[in-house]
Amino acid sequence: MIIKNENLSKIDPKIWEIILKEKQRQNNNIELIASENYTSLAVMEAQGTLLTNKYAEGYPGKRYYGGCKFIDLIEKIAINRLKKIFNAEAANVQPHSGSQANQAVFFSVLNPGDTIMGMSLQEGGHLTHGMMLNMSGKWFNSICYGLNKKEKIDYKKVEYLAKKNKPKLIIAGASAYSQYIDFERFYHIAKNINSYFMVDMAHYAGLIAAGEYPNPVPFADFITSTTHKSLRGPRGGFILMKKKYKKIINSAVFPGIQGGPLMHVIAAKAVAFKEVLKPDFKIYQKQVVKNAKILSKILDQRGIRIVSGGTKSHIILVDLRNKKITGKIAESILESANIICNKNSIPNDPEKPYFTSGIRLGSSAITTRGFSELEIIKVGNLCADILDYPFNQENIKNVKKEVKKITNKFPIYKN
Ligand SMILES: *Cc1c(COP(=O)(O)O)cnc(C)c1O
């Protein structure tokens, strides 16, 4: 049967209607999930093209399929733009996600049973850095470091654990850590014991690209990332590396852990990288950090404890213990007032990971939406209003009304 080229709304109205509802939800809610963002129409347009039809196992100039001459151009552009953004020696844009990027690095230099060391999930790390239920924790002997009393990374402990356990790979990077990471210090710790040093900058990539967060590229052997968080691209991942590791990383991605690259996504990554290279992106990220700092200050003024005493990035980790509600409940009550965030463990959390004593907030998406000081102050106070009286239905209704006023003023994707 020849394919019918009709619109999605006609071919599959059921799915189309759900997508429209999701669009409405994105427009009507204040998005505070620190790992989310709104990508541009141009990025989505590239991702929705016929490039999805093409198989291109291999790399530009060395494919295992015919018909790749245009695909090659696209992947080369994506690689070159990415190298330029971070001033990196080499790049691989094929990982399907941040987790795949990490797996590829593991596959390139580790064997099952080797020792790795990363930040513990409970204290801000990512599950792919050695968590028990993740492949990284099952296949490797995983050592965890965490935070000190000031809720900053405990570098002395990192050094101690490194010397004691001699991990073959040390990982720096986090999903719920709002402070700067001292990549140079990690580098020296790793070099001292002759171990590989990997930075997972999934959360901070956009800030790093704009010079708003320390750049790990001079220090790390491998740098992994997502493209869809602060970098504001399509869902996906990438790896940067020193030139001497280009070969092993490329063969770890393909044929090591992946088959054909998603060329429509790689095209969308290229478009996003172009946007990142524009001067506007620096202004955007400056505002992201400014907004996070304002939001953190407002919450603090309203008597809500901020983990690590504030933020230097887009992330704010909130401790709800003195509010006597769990992160799970806070997340769901905020959602009923159209404010979206996620529950998150805090350092030394007395609650189980499914409940938690914290929520994580982020300023990347709301800043893309156009929120600045005035709106952020309002958002902070609305969150505090909910957390002050989480079970008062009238209060929730009032907050929801105020949220609507703000979201109506800042539509995301117009029709
Ligand atoms: C989000 C994140 C990832 C995983 O990204 P996925 O694309 O969801 O696989 C990896 N590492 C860190 C630090 C992250 O925050």
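Counting starts at 1 for both ligands and their atoms, in listed order.
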Inset, instruction - Would you tell me whether Glu275 and Ser40 have side-chain atoms, one donor and one acceptor, within less than 3.5 Å of each other? - result: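 Checked: Glu275/Ser40 side chains pair up, N/O donor to acceptor below 3.5 Å.
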Legend entry - Side-chain donor-acceptor contact under 3.5 Å, Thr368 with Asn37: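 Yes - a donor-acceptor pair under 3.5 Å links their side chains.
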Give me the pairs of N or O atoms, one from ligand 1 and one from the protein, that sit under 3.5 Å apart.
{"from": "ligand 1", "atom 1": "7 (O)", "to": "Gly98", "atom 2": "N", "distance (Å)": "3.0"}
{"from": "ligand 1", "atom 1": "9 (O)", "to": "Ser97", "atom 2": "OG", "distance (Å)": "3.2"}
{"from": "ligand 1", "atom 1": "9 (O)", "to": "Ser99", "atom 2": "N", "distance (Å)": "2.9"}
{"from": "ligand 1", "atom 1": "9 (O)", "to": "Ser99", "atom 2": "OG", "distance (Å)": "2.7"}
{"from": "ligand 1", "atom 1": "11 (N)", "to": "Asp200", "atom 2": "OD1", "distance (Å)": "3.4"}
{"from": "ligand 1", "atom 1": "11 (N)", "to": "Asp200", "atom 2": "OD2", "distance (Å)": "2.5"}
{"from": "ligand 1", "atom 1": "15 (O)", "to": "Ser175", "atom 2": "OG", "distance (Å)": "2.7"}
{"from": "ligand 1", "atom 1": "15 (O)", "to": "Lys229", "atom 2": "NZ", "distance (Å)": "2.7"}

Inset, instruction - Measure from the ring center of Tyr145 to the ring center of Phe186 and say whether it is less than 6.0 Å. - result: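 Yes, they do, as the ring centres are separated by less than 6.0 Å.
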Checking [X] now: which residues fulfil side-chain hydrogen bond (donor to acceptor under 3.5 Å, both in side chains) with it, not counting sequence neighbours?
| X | result |
| --- | --- |
| Lys286 | Glu212 |
| Ser99 | none |
| Thr128 | Asn102, His126 |

